[in-house]
There are 2 protein chains.
Amino acid sequence: MSAKQFSSVWLREPRKATSPGRSREEIVGAAMELLDQEGLSGLSMRKLGAKLSSGATSLYWYVANKDELLELAYDEIWAEMTLPDPEDSGWRDAASGLAHSMRQVMLRHPWSADLLGRMPALGPHALLIADKMRRMFKLAGFGGLEIDYAGATLTGYVFGMTLPEVAWNAAMADQDYDADEMRASVVKAAAQFPDILERIDMDTYDDPRAVREMCFDFGLVSVLDGLERRLVT
Amino acid sequence: MSAKQFSSVWLREPRKATSPGRSREEIVGAAMELLDQEGLSGLSMRKLGAKLSSGATSLYWYVANKDELLELAYDEIWAEMTLPDPEDSGWRDAASGLAHSMRQVMLRHPWSADLLGRMPALGPHALLIADKMRRMFKLAGFGGLEIDYAGATLTGYVFGMTLPEVAWNAAMADQDYDADEMRASVVKAAAQFPDILERIDMDTYDDPRAVREMCFDFGLVSVLDGLERRLVT
DNA sequence: ACCTGAACACCGTTCAAGT
DNA sequence: ACCTGAACACCGTTCAAGT
């Protein structure tokens, strides 16, 4: 009874969209620009205020706090994800399409990787994808809780595989690093581990982008095969 | 040439461990206590200083900055993970054991979920696990880059699946929520989506712990089956 | 060699006051 | 109804100064 209400922007009525002054959409749009340019830590209420040439604290009229603002921006991320119609192409292709789309969105908006899996996804765009994904797995032949298990497995894989990629990109971006130096560093750290050193000698460091993509596909095919196997037994 | 060196605690010589005064171990230990108690956002250099009854800035003698301190604490996380010897039990049981161990560590130290996948894992304990995992997948029959792909797939899955669980626990912890209220909230948010509503009616909300565990195992078996399939083709 | 406090440049958020 | 600035309670980090 005493429990604090679970709180989320999506559970409160939005403020009436009266014409004058700023609007939520405008604020969220500006926030996303800032996030894309400077990352999660680059978004502060003060900077955002400045960008909209208003006081930082004026934003609190439209948004309860920074977390709710992030919830709003976060839902926009889900709007960019696409799930092909499984009736057309079959569930495997649809699932694969969603997976690649999620990965691309994360790579395009690195800050989304800081929110995915951490923040409740109760916005309309997130729910739409969740709904489509449930229908996809039902069509594949899953029933009951397994529909949700399959969904969690797929999104869990994509997220867990892509996050390190995003983090790596970020680290490289603000260091404009040198491939050989990097390799030498890792060799130094891993000096005691012959199996790891063996790997470093491979061509991994030469075209990291291509290797990442192959790694993602390898894992994705494995996950889909594994899910498919649940259907026959 | 101009490139900033890739920087990590593990690439610098540690300060000589002279007897007097504080030590790195002591500082990292205190940091981990603070992290376990108050989470990542609960760790500040000032609080940590107070805990060690010294000025916040004294810590900078032992550690270049907060990030390096986190790198040190992060490696301790890897020390808690166990990988059964695949020679004894076969690679599938070993992989499964590692996966469950990773999950338990994340649940025990929720702050580690904020670091996993984001922070370079170049500490000795992390490398030891990476090395063991490579050997495990070699023994399974993988070769070349596929050894790494398999490893990335397994750890990606575990991490991506467990992170939302950790986040959920955290949200619930500081709200000591009410199950029915929660359910009602989600119903409200998902009002437009019949497929999602259908799921909410299921028993998911009654024993979330058990459901989480089943979900994790369902996905894990799928991933392992999918990896096994890569071996036969 | 080790530790200190003051200082700098930031945060999110509250709130009384303005229009 | 909307916006403001001052103020509060925090941050990480630098640096000159102490022992």
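Just so it is clear, the structure is predicted and the values come from calculations on it, not from any experiment.
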Quick one: [X] [atom1] to [N] [atom2], roughly how many Å, whole number?
X     : N      : atom1 : atom2 : value
B:Y60 : D:dT13 : OH    : C1'   : 5 Å
B:E26 : C:dC2  : CD    : C1'   : 14 Å
B:L52 : C:dC3  : CG    : P     : 10 Å
A:I27 : D:dC2  : CD1   : C1'   : 11 Å
A:L59 : D:dC3  : CG    : C1'   : 10 Å
B:L70 : D:dG12 : CG    : C1'   : 12 Å
A:R24 : D:dA1  : CZ    : P     : 16 Å
A:K66 : D:dC10 : NZ    : C1'   : 14 Å

Are A:D36 and A:R108 ion-paired here, with the side-chain N under 4.0 Å from a carboxylate O? no

Quick check on side-chain contact (heavy atoms from CB on, under 4.5 Å): which of B:T82, B:I129, B:V158 does B:L98 satisfy it with? B:I129

Side-chain touch [X]/[Y], heavy atoms, less than 4.5 angstrom:
X      : Y      : value
B:M106 : B:E165 : no
B:E213 : B:F216 : no
A:E80  : A:H125 : no

Go nucleotide by nucleotide along DNA chain D from the 5' end; which of B:M45 and A:G55 gets its closest nucleotide reached first?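 Mapping each residue to its closest nucleotide by heavy atoms, the 5'-most match is A:G55.
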
Taking only the side-chain heavy atoms of [X] (C-beta and beyond), determine which of [options] contains the nearest atom.
X     : options                : answer
A:N65 : C:dT13, C:dC2, C:dC11  : C:dT13
A:T57 : C:dC11, C:dC15, D:dT14 : C:dC15
A:S58 : C:dT4, C:dT14, D:dT4   : D:dT4

In whole Å, what separates the C1' atom of D:dC10 from that of C:dC8?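 Per the computed distance, 15 Å lies between those C1' atoms.
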
Under 3.5 Å for both donor-acceptor distances, Watson-Crick or wobble: does C:dA6 have a partner, and if so which one?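 Answer to the pairing question: D:dT14, which forms a Watson-Crick or G-U pair with C:dA6.
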
Counting only Watson-Crick or G-U wobble pairs whose two distances fall under 3.5 Å, which nucleotide matches C:dA1?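 Base partner found: D:dT19.
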
Just how far is it from atom CE of A:M81 to atom OG of A:S112, taken to the nearest 0.5 Å? 6.5 Å

Are [X] and [N] close enough that a side-chain N or O sits under 4.0 Å from OP1 or OP2?
X     : N      : answer
B:Y62 : C:dC3  : yes
B:W61 : C:dC2  : yes
A:S44 : C:dC11 : yes

Hey, does the side-chain of A:R46 have a donor or acceptor N/O within less than 3.5 Å of a partner on the base of C:dC11? yes

How would you label the contact of A:L43 with the nucleic acid (heavy atoms, under 4.0 Å): base, sugar-phosphate, or nothing?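 Answer is sugar-phosphate: A:L43 comes under 4.0 Å of backbone atoms only.
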
Toward the 5' end of DNA chain C, by each residue's nearest nucleotide, A:A64 or A:G42: A:G42

